[in-house]
Amino acid sequence: VAKVILILAGALFCSNLFAAAGKITEVTGPTQVTRNQDKIEGKVDVGIEMDDTIETLKGRAGITFEDGTRVQCTEFSKLVIDTFVYDPSSGKGKIGLKASLGTVRYASGLIAKNSRDEVKIKTPTASVAVRGTDFSLTVDEMGRSLIILLPSLAQFGPSVVGSIEVSNGLGTVVMTKAYQATMVASSNAVPSAPVLLNLEDETSVNNGLLLDTPKSVTQSAKEAKKAPVQISKDS
């Protein structure tokens, strides 16, 4: 009997860890969720699960995960929920996302707070490790990735600035200051040296979703393509 109870308890624990990752909490236009071979219309309160692909057309969509993590996607974005594991009793877990097109604004939840090394986002040209902060990420049709570190939203206490590590097979940069930005122009170029943007708040990031690349970042990316492979920390 004890073994049966233990097995059932373990099954229940695992089902809680791998239950629905979250749900759509905001939609302003056509949005689609692909799950296996099924196409699901993206509406408010539609559940999001691991391995789902979320695509927007002429509209934006917002997702709130079970740990309070929030992700907003601009028009014509594509996002895959690679991994989502969460234990509500400890607030710990793991998040893995894959952004292949468009712009997303990521707001840290409890997983980033309690499992600081377990939040990772991939793009066609870079990997982003998030440690207790927010950021915006833009991927264009060529796979170029622009990442901007943002102060965290004050949803689990005062706003804080953590750090972001952006890397690919050729190099790594670490950003620790609010509104620092880096671009990874291709998988054959190192991430550009972080540039501190002249922003006082997020209003200049177009409601938290950057659409235009600052010239200073573009110039830094051009220099990175010419530079030898090296590791750069902070600017």
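In what follows, residues are counted from 1 in the order of the sequence shown.
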Between atom NZ of Lys177 and atom CD1 of Ile164, what is the distance when rounded to the nearest 0.5 Å?
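Interatomic distance, Lys177 NZ to Ile164 CD1, rounded to 0.5 Å: 14.5 Å.
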Atom pairs and distances, donor-acceptor, side-chain atoms in residues 40-47, under 3.5 Å, two or more places apart:
none

Look at Lys98 together with Asp82 and state whether they make a salt bridge at an N to O cut-off of under 4.0 Å.
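Result for this pair is yes, salt bridge flagged.
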Roughly how far, to the nearest 0.5 Å, is the CD1 atom of Ile95 from the OG atom of Ser115?
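If we round to the nearest 0.5 Å, Ser115:OG and Ile95:CD1 are 9.0 Å apart.
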What closest approach, in Å, do Ile24 and Val27 show between heavy atoms, and which atom pair accounts for it?
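Nearest pair, atom of Ile24 first, then Val27: CG2-CG2, 3.3 Å.
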Please determine whether a side-chain nitrogen of the Lys or Arg among Arg60 and Glu75 lies less than 4.0 Å from a carboxylate oxygen of the Asp or Glu.
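Yes.
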Side-chain donor-acceptor contact under 3.5 Å, Thr34 with Thr53:
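On atom types as modelled, these side chains do not qualify, holding no pair under 3.5 Å.
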Any Lys/Arg nitrogen of Asp51 or Arg35 sitting under 4.0 Å from an Asp/Glu carboxylate oxygen of the other?
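Salt bridge between Asp51 and Arg35, a charged N being under 4.0 Å from a carboxylate O: no.
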Would a distance-only check, ignoring hydrogens and angles, find a side-chain to backbone donor-acceptor pair under 3.5 Å from Thr56 to Ser77?
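Checking the backbone N and O of Ser77 against the side chain of Thr56, a donor-acceptor pair under 3.5 Å is found.
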Thr172 to Glu165 - nearest heavy-atom pair and separation:
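Where Thr172 meets Glu165 most closely, the heavy atoms are CG2-CG, 3.4 Å.
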Less than 3.5 Å apart, any donor N or O on the side chain of Thr125 or Ser186 sitting next to an acceptor on the other?
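Thr125 vs Ser186: no donor-acceptor pair found between side chains.
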Sequence neighbours excluded, every pair satisfying ring pair (Phe, Tyr, Trp, His ring centres under 6.0 Å) that has a member inside residues 87-124:
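Sorted pair list: Tyr106-Phe135.
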Tell me whether Asp117 is salt-bridged to Arg131, with the criterion being a basic N under 4.0 Å from an acidic carboxylate O.
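A salt bridge links Asp117 with Arg131.
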How long is the straight-line distance from OG1 of Thr31 back to CD1 of Ile54, given to the nearest 0.5 Å?
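Answer rounded to 0.5 Å: 9.5 Å.
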Does a side chain donor of either Thr182 or Ser192 reach within less than 3.5 Å of an acceptor in the other side chain?
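Short answer, yes.
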If I take atom CG from residue Asp67 and atom NZ from residue Lys92, how far apart are they, to the nearest 0.5 angstrom?
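Here the rounded value is 14.0 Å.
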Answer with yes or no whether the side chains of Ser163 and Thr176 bring together a donor and an acceptor at under 3.5 Å.
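The criterion, which ignores hydrogens and geometry beyond distance, is not satisfied for Ser163 and Thr176.
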For residues 20-77, which residue pairs pass the ring pair (Phe, Tyr, Trp, His ring centres under 6.0 Å) check, not counting sequence neighbours?
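The answer is Phe65-Phe84.
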